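These notes are about the structure you will find just below.
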Number of protein chains: 2
Amino acid sequence: MAKAPQNAISPTREENFPEWYQQVVRAADLAENSEVRGCMVIKPWGYGVWELLQQQLDTIFKETGHKNAYFPLLIPVSYLEKEAAHVEGFATECAVVTHHRLELQDGKMVPSGTLTEPYVIRPTSETIIGAAFARWVHSYRDLPLLINQWANVMRWEMRPRLFLRTAEFLWQEGHTAHETAEEAMEETKRMHEVYERFLTDHLAVPVIAGEKTEAERFPGALNTFTVEAMVQDRKAIQAGTSHFLGQNFSKAAGIEFESREGKRELAWTTSWGVSTRLIGTLLMAHSDDDGFVLPPRVAPTQVVILPVTPSPSTKSPFSPPARNWRRD
Amino acid sequence: MAKAPQNAISPTREENFPEWYQQVVRAADLAENSEVRGCMVIKPWGYGVWELLQQQLDTIFKETGHKNAYFPLLIPVSYLEKEAAHVEGFATECAVVTHHRLELQDGKMVPSGTLTEPYVIRPTSETIIGAAFARWVHSYRDLPLLINQWANVMRWEMRPRLFLRTAEFLWQEGHTAHETAEEAMEETKRMHEVYERFLTDHLAVPVIAGEKTEAERFPGALNTFTVEAMVQDRKAIQAGTSHFLGQNFSKAAGIEFESREGKRELAWTTSWGVSTRLIGTLLMAHSDDDGFVLPPRVAPTQVVILPVTPSPSTKSPFSPPARNWRRD
């Protein structure tokens, strides 16, 4: 009697989608939980996917006029406080640095050297980058300022899930400042479109592009645009967001410039980001009950199958599809 | 009366080398101090240099068999304690995370949600990567394990100087595990040579390659090899180090494997790194009293001068050097 074919992954998507997801991450050796609560180890195969995502996005960001820079990991608590909605949005999930050394007490290392002002590990960088922009922007000639940062961020997460929701994650955060509301809104929408195109053309993931409701907006934003990826459990995953911040963060950080009319004005800012969550998203969109399926543009290892055909009679079934396997 | 030619940078190297250094960093718009003690903002021009360094080093690491991965930013204090020399070496300069949220008290945000065990922000990752290696290595067939991480690290720094000594800096840290002491020592020396070649051929910086004295060894290492860059104040800057760690970190983390003879053995490990300090180093090696001078391989903007020569009589002085400007 022939055995029924076995699926490599158990449970199947049908049986238990969340557990299937965890099993595929494990079977494909993409990442694992660490001993640090909510923080994952991204293993070489998973990191290889991230490197390809990063290279391709970075090229698009540069083509659209942005430059990379790097800002401090730590943010003074007083900076967060400057924007009311922002601090409220992130206060409950901040890792707080309170000491700057360890000291031996009763045979145990304990925190020592209390900081006069505590810092949080950046959950996002609007406030610290805003402070830099306030130093850099003096006149309308300094605008637009189009900056991107590749970095790790941390949001203390009570129900972590590999890639989808982790306390520490890797991401990029674009931050831009503009002369007018119109220009800032144009930028917000341009990057929203970049994400839509990237998900569709590079990750082959179908998305619904639209605007978030007021309740789901980024803390401190006037508008948040999102691409919601459609995955196999028929749920949507927020895959990339682009925020029109109005003058909220300019006011908080003092990003002022002399306008063409010689007046002091507040700049209009935006921010936009995608993260390692994209790896979980593309897994949920493409994989099956036999394991991880990767779209070719972000596959670290590319396989080419060369059929060896000994005679014309056995050649025909292979030839036409073999030609189709070549990608443009 | 003709004026004496003015140098663009004041003071000159001769007058005050450390102050000249700061002025060149400022004039070239490479980086600036932030409001976070000891943490710098790497501006687009400086970050552009780092991106080129990173791409070229990353290619060499991959050619020598290494793969990139990513490990948690936070390290449990108990991990550091497992290796006595290591914790002693880093205890006095650790940023310590003690809380996981902020709470409003008397109109001010204060740390709340005390962690049962504090974490330090990684000053280096031997201990947390060692814990992962202990999970990944079971048999001699899993060795060698050749991993690299691009990351930010933090060492609380009392006398910060842009690029050369900052509390937070960007770096790469290679971490490898091997079957035998000989193989681990071979790897240590291979990466030492990679750094020597990179400094010499890519950054055009002369180095003295050698071994550190016992007092200057990496905390926990048996041998530390270094490339010391020679810069214009006739001092040496430690530009890249490669450590033979023996079985110290394997013992601390439990990186054990079944040998070819079927015995349980401890792996032999190495680590090696270079950081954004390289940008300060190449500035000190190449720049002059008129400002920043960059070797061509790591210059984000390349300039080609095309002499337009109207007649044969004015053509001759240009032609031969113009040919030499082409790099292979």
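All values reported here derive from a predicted model rather than from experimental measurement. Chain letters run A, B, ... following the sequence lines, proteins first, then strands; residues in each count from 1.
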Answer with side chain, backbone, both or neither: which region of [X] has an atom nearer than 4.5 Å to a non-hydrogen atom of chain A?
X: B:E88; answer: neither
X: B:V120; answer: side chain
X: B:L115; answer: side chain
X: B:L104; answer: neither
X: B:P118; answer: side chain
X: B:R135; answer: side chain
X: B:V77; answer: side chain
X: B:N33; answer: backbone
X: B:Y119; answer: side chain
X: B:W136; answer: side chain

For the residue pair A:F249 and A:F218, categorise the inter-ring angle as parallel (less than 30°), tilted (30 to 60°) or perpendicular (more than 60°).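 Geometry flag for A:F218 against A:F249: tilted rings.
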
Determine the option with the most heavy-atom pairs under 4.5 angstrom with chain A, choosing from B:R101, B:K108, B:H100.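 Answer, by heavy-atom pair count under 4.5 Å with chain A: B:H100.
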
Top contributor to chain A contacts, counting heavy-atom pairs under 4.5 Å, from B:W50, B:F90, B:Y79: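 Looking at each of B:W50, B:F90, B:Y79 in turn, B:Y79 comes out on top.
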
Salt bridge between A:K62 and B:E51, side-chain N to carboxylate O under 4.0 Å?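 Yes, A:K62 and B:E51 are salt-bridged.
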
Quick one, [X] and [Y] - any side-chain contact, counting heavy atoms below 4.5 Å?
X: A:T92; Y: B:L102; result: no
X: B:E126; Y: B:F133; result: no
X: A:N148; Y: A:K67; result: no
X: B:F292; Y: B:V25; result: no
X: A:V97; Y: A:I121; result: yes
X: A:M154; Y: B:L74; result: yes
X: A:N68; Y: A:Q172; result: no

Could you tell me which portion of [X] (side chain, backbone, both or neither) has an atom closer than 4.5 angstrom to a non-hydrogen atom of chain B?
X: A:M40; result: backbone
X: A:E93; result: backbone
X: A:E32; result: side chain

Check step by step if ring-ring contact (aromatic ring centres under 6.0 Å, His included) holds for A:W272 and A:H66. CA-CA 12 Å; A:W272 31 274; A:H66 304 87; 4.9 Å; yes

Please identify, among A:S34, A:P72, A:C39, the residue contributing the most non-hydrogen atom pairs under 4.5 Å to chain B.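 Winner by heavy-atom pair count: A:P72.
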
